[in-house]
Amino acid sequence: MDTIEPVAPINMSAMSPIVTLNREELPEDTEVLARFLVGKSLVAETPEGRLSGRIVETEAYPPGDAAGHAFHGQTPSNGSLFLERGHAYVYFTYGSAYMLNVSSEPEGIGAGVLLRAIEPLEGIPLMARRRGPVRLHDLARGPGRLTRAFGIGRTYDGFDLCVAGPLWLGSAARPSGPVGMSVRIGLSREKDRLLRFYERASPFVSGPARLRR
DNA sequence: AGTGCGATTGACT
DNA sequence: GTCAATCGCACTA
């Protein structure tokens, strides 16, 4: 299947309005925050319109984690991980994909939560334009696809996600179903820690099938 | 200045 | 399911 499937109309009246999450509402622990963010919203206000979606998959990279980008200390490129919780850390990898993280600890401590997959809600046609002919559930399934669908690049690095602006975290439009936990995807170090969180019933979650049950 | 390495994706079997 | 392209960054010299 390489065509865009018909998009079922989204019943917005069955959802709560999305409002910004205040920093005080964000759990102060990386792992707890990663779990907390499943079901919450990501909103991008772009010149072409508003994009939003439900976060359905995250990974925690807590302080001292050898798999985290902050492990070897602060550098110009990973500095945003050391900002007070609720700031964006965007980096580029594999020559092709941007990744979006939410800083997750007090200022000076390097840690973050990687956003891995989103269920698109608003701005689906614009996302589809950016992603090409893929199925709805593939639009923002995967950390690199998510940033591409939302138009997020390095210029978003360091943004405060707790204030209304170009990119922000919002309340849940709809509550999350049961949340599963698994090892994180694609790591060679610290590969056994259960720091990935995902909405079990969601078809918008990435990763191999055995990690989606 | 040169080297090695990914928190992946998309194309292909 | 398998597999290789791709390039910014950290490290070494």
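Order of the sequence lines sets the chain letters (A, B, ...), proteins ahead of strands, with each chain counted from 1.
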Q: With nearest nucleotide decided by heavy atoms, which residue, A/Ser96 or A/Arg154, maps closer to the 5′ end of DNA chain C?
A: A/Ser96
Q: Check whether any side-chain nitrogen or oxygen of A/Arg145 sits under 4.0 Å from OP1 or OP2 of B/dG10, and answer yes or no.
A: yes
Q: Counting C-beta onward and ignoring hydrogens, is there a side-chain heavy-atom pair between A/Ser171 and A/Leu21 closer than 4.5 Å?
A: yes
Q: Send over the distance from A/Arg189 CZ to B/dA7 P, rounded to a whole Å.
A: 8 Å
Q: For a side chain to side chain contact (heavy atoms under 4.5 Å, CB included) check, start with the C-alpha distance between A/Asp65 and A/Arg184, then their side-chain angles and the critical distance, and finish with the verdict.
A: CA-CA 12 Å; A/Asp65 174 19; A/Arg184 295 171 292 182; 2.5 Å; yes
Q: Take the protein atom OH of A/Tyr91 and the nucleotide atom C1' of B/dC5, then report the distance between them rounded to whole Å.
A: 13 Å
Q: Looking at A/Glu119 and A/Arg141, does any basic side-chain N land under 4.0 Å from a carboxylate oxygen?
A: no
Q: Are A/Leu167 and A/Leu51 linked, directly or through intermediate hydrophobic residues, by side-chain heavy-atom contacts shorter than 4.5 Å (ILVMFWY only)?
A: yes
Q: Any cation-pi pair here, A/Arg196 with A/Tyr198, using under 6.0 Å and within 45°?
A: yes
Q: If I take atom CG in residue A/Leu187 and atom P in nucleotide B/dC5, what distance separates them, rounded to the nearest angstrom?
A: 16 Å
Q: Rounding to an integer number of Å, can you tell me how far A/Leu211 CG sits from B/dA7 P?
A: 17 Å
Q: Just how far, in rounded Å, is C1' of B/dT9 from CZ of A/Arg116?
A: 11 Å
Q: Runs of at least three consecutive Watson-Crick or G-U pairs, both distances under 3.5 Å, are what I'm after; which ones involve DNA chain C?
A: B:1-6 with C:7-12, B:8-12 with C:1-5
Q: Provide, to the nearest angstrom, the distance between the CD1 atom belonging to A/Ile185 and the P atom belonging to B/dT8.
A: 8 Å
Q: Hey, which of these two, A/Ser188 or A/Ala97, hits DNA chain B nearer its 5' end, going by closest nucleotide?
A: A/Ser188
Q: Going by distance alone, is a donor N or O of one side chain under 3.5 Å from an acceptor N or O of the other, for A/Ser103 and A/Arg85?
A: no
Q: Measure the CG-CG distance between A/Leu194 and A/Asp192 for me, rounded to the nearest 0.5 Å.
A: 8.5 Å
Q: Between which nucleotides of DNA chain C, 5' to 3', does chain A make heavy-atom contacts below 4.0 Å?
A: C/dT6 to C/dC11
Q: How long is the line joining CD of A/Glu59 and P of B/dG6, in whole Å?
A: 15 Å
Q: Reading DNA chain B from 5' onward, which residue's closest nucleotide shows up sooner: A/Leu100 or A/Arg131?
A: A/Leu100
Q: Can you check the A/Phe92 CZ to B/dT9 P distance for me, whole Å?
A: 12 Å
Q: Are the aromatic ring centres of A/Tyr61 and A/His69 under 6.0 angstrom apart?
A: no
Q: Under 4.0 angstrom, heavy atoms only, what part of the nucleic acid is A/His72 near: base, sugar-phosphate, or nothing?
A: sugar-phosphate
